[in-house]
Protein chains: 2
Amino acid sequence: MNASRTARERVRAELIREITDVARRHLATEGAAGLSLRAVAREMGMVSSAIYRYFPSRDDLLTTLIIDGYNALGEAVEHAEAARARDDFTGRWLAGCRAVRDWALAHPHEYALLYGSPVPGYAAPRDTVAPAVRATAVYGRIVADAYRAGRLAPPPIFPPPPAVLAKDAEAVRAVMPGVPDDVVARAIVAWTSLFGMVSFEIFGQFDNTITHRAELFEHNMTCLARLLGLPD
Amino acid sequence: MNASRTARERVRAELIREITDVARRHLATEGAAGLSLRAVAREMGMVSSAIYRYFPSRDDLLTTLIIDGYNALGEAVEHAEAARARDDFTGRWLAGCRAVRDWALAHPHEYALLYGSPVPGYAAPRDTVAPAVRATAVYGRIVADAYRAGRLAPPPIFPPPPAVLAKDAEAVRAVMPGVPDDVVARAIVAWTSLFGMVSFEIFGQFDNTITHRAELFEHNMTCLARLLGLPD
DNA sequence: GCGATTAGAGAGCACTGCTCTTGACTTCCA
DNA sequence: TGGAAGTCAAGAGCAGTGCTCTCTAATCGC
């Protein structure tokens with residue numbers, strides 16, 4: 001029978017889910033470095049070695065949390081962007097930016113796990129790259145849609161990108177098909193600026209200086225939209 | 001005698017310097033989380049408890065490394081920027097940007113310590129803020145100098161910053177005196193974008209996508225210079 | 001030279017990730 | 001239905017961590 005076999009596998013899947021839930025809660029309060037397998041096991045009434053039946057190492061548990069994090073962020077961005085009218089390109093961009101910031105503020109430690117210093121001795125396996133591009137893909141779609149609709153009018157003040165970047169632009173174009181190289185380059189500027197901004201806020205670089213962070217963020221993202229060539 | 005007293009204090013200062021040197025080397029190879037007091041002591045032929053005569057805790061050692069890091073980065077930026085003609089504002093900006101990137105590439109773990117995820121359970125003490133603004137101060141000077149010289153012509157495509165940001169702009173103006181609010185806001189965009197760019201590269205976000213990183217960086221920093229209103 | 005200060009050594013506490021073995025329980029198949 | 005195969009929790013144990021305490025020896029100031 002397959003049903004009996006799935007009975008055991010169901011309780012196994014349930015336990016894996018519970019472990020990641022507890023681990024995520026610990027991650028949220030203690031941070032990645034403070035995430036302890038023993039503490040997770042203790043909270044679940046297990047002994048530490050039992051966890052290794054489900055996760056071969058602490059890094060594997062971290063990988064799961066990273067994948068979940070990318071997916072959660074990606075979903076938040078997708079959801080926020082989908083709520084806007086398809087032809088409101090600037091609105092879609094701003095909604096996506098706000099989704100990133102809001103998610104980061106709500107889950108600072110998970111954000112740090114994704115976009116902060118890499119955990120030493122930990123190498124992100126292949127499985128993480130697909131979820132990682134989810135949020136990026138949304139941005140690519142916005143830029144590509146706007147370009148296709150003829151609503152992208154980048155200001156003529158920026159120099160054309162050097163020819164060497166054509167190959168890299170080709171790779172990035174996977175998420176924004178049909179967009180010319182100079183727009184790709186500007187999209188990268190806007191994209192990295194967004195995360196620079198969020199990282200500065202989350203990692204405390206704005207402490208003792210910037211107090212109206214939401215307003216500054218809003219204004220900066222609007223400026224980046226103009227840089228991209230999105231309409232106002 | 002004061003000389004004899006300084007004799008003991010000299011060997012003490014020498015030991016403190018040696019500990020931080022060894023610790024910095026360990027930091028460079030293992031990362032912040034892998035920095036172990038015991039390993040440092042072992043390499044110095046001391047016993048771990050002896051270290052506590054010089055640093056009351058691991059966090060205090062980290063603080064010293066952080067301050068040293070900010071100073072090293074600040075010095076690199078200052079040095080690179082000082083080599084340019086005073087009226088070559090764009091050149092000064094680009095030199096500063098390159099200095100940040102070069103330093104980060106040469107000292108990735110130290111960069112992570114300064115601009116990556118904060119070490120959990122560690123709160124940066126007051127002593128770190130003064131060295132932290134050293135690099136920022138250079139940028140402020142460039143923007144302020146260019147503005148005073150009438151060489152700052154921001155493109156008219158960006159919206160004016162909201163009134164709420166005036167107070168924050170006032171604080172930022174400490175490093176770029178006499179600059180109007182909209183330029184301050186744009187300077188923050190450029191500043192955070194620079195670090196967003198460097199962080200993406202150092203923290204591996206460009207892996208499997210961007211290969212010509214130096215060229216992309218160069219191009220993006222040039223675009224940001226235009227956004228700031230610097231001449232070409 | 002003597003008392004006070006400072007340094008290093010060592011033991012020990014509570015904690016970590018991880019491995020290995022043991023015994024009990026489930027599932028599967030002849 | 002009974003035995004083989006597989007799975008699981010538990011416990012002991014290893015090597016490592018930050019940090020505290022006590023003890024001894026050297027050094028310094030008077």
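All figures in this text were calculated on a predicted structure; none of them were measured in a lab. Lettering of chains follows the sequences in order, A, B, ..., and the numbering in each one begins at 1.
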Please list, pair by pair, any protein nitrogen or oxygen found under 3.5 Å from a nitrogen or oxygen in nucleotides 20-22 of chain C.
none

Residue whose closest nucleotide on DNA chain C lies nearer the 5' end, A:Pro56 versus B:Ala50: B:Ala50
In whole Å, what is the span from the CD atom of A:Glu30 to the C1' atom of C:dT16? 14 Å
Calculate the interatomic distance between A:His26 atom NE2 and C:dT16 atom P; express it in whole Å. 11 Å
For A:Tyr52 and D:dA9, is the shortest distance between a side-chain N/O and OP1 or OP2 below 4.0 Å? no
At under 4.0 Å, does any side-chain N or O of B:Arg12 touch on OP1 or OP2 of C:dA7? yes
Students often get this wrong, so: under 4.0 angstrom with heavy atoms, is A:Leu15 touching a base, only sugar-phosphate, or nothing? sugar-phosphate
Regarding B:Tyr54, tell me which of base, sugar-phosphate or nothing describes its non-hydrogen contacts under 4.0 Å with the strands shown. sugar-phosphate
Partner set under side-chain contact (heavy atoms from CB on, under 4.5 Å) for B:Thr20, not counting sequence neighbours: B:Arg24, B:Phe55, B:Leu61, B:Thr64
Could B:Glu14 and B:Arg17 be called an ion pair, given the rule that one side-chain N must be under 4.0 Å from one carboxylate O? yes
Length of the line joining B:Arg58:CZ and C:dC15:P, which is rounded to integer Å: 18 Å
Just by modelled atom types, is the A:Ile210 backbone N or O under 3.5 Å from a matching donor or acceptor in the B:Asp168 side chain? no
D:dT17, OP1 or OP2 - any side-chain N/O from B:Arg42 closer than 4.0 Å? yes
Need to verify one output field. Residue with the more 5' nearest nucleotide on DNA chain D, A:Val47 or B:Leu35? A:Val47
Could you state the CD1-C1' distance from A:Ile51 to C:dT16, rounded to the nearest angstrom? 14 Å
If you look at every heavy atom in A:Met221 and A:Cys97, which pair is closest and at what distance? SD-SG, 3.6 Å
Specify the separation, in whole Å, of atom CE of A:Met46 and atom P of D:dA9. 4 Å
How long is the line joining CZ of B:Arg38 and P of C:dG8, in whole Å? 17 Å
Please determine, by modelled atom types, if B:Thr63 and B:Asp60 share a side-chain donor-acceptor pair under 3.5 angstrom. no
Nucleotide C:dT19, atom P - distance to CZ of A:Phe55 in whole Å: 16 Å
Distance in angstrom units between A:Asp60 CG and C:dC18 C1', rounded: 13 Å
Determine the contact category for A:Ser48: base if any of its heavy atoms lies under 4.0 Å from a base atom, sugar-phosphate if only primed atoms, P, OP1 or OP2 are that close, otherwise nothing. base
Taking side-chain hydrogen bond (donor to acceptor under 3.5 Å, both in side chains) as the test, write out the residues that go with B:Ser117, two or more places apart. A:Ser117
Can you name the closest pair of heavy atoms from A:Ala185 and B:His219 and give their distance? CB-CE1, 3.5 Å
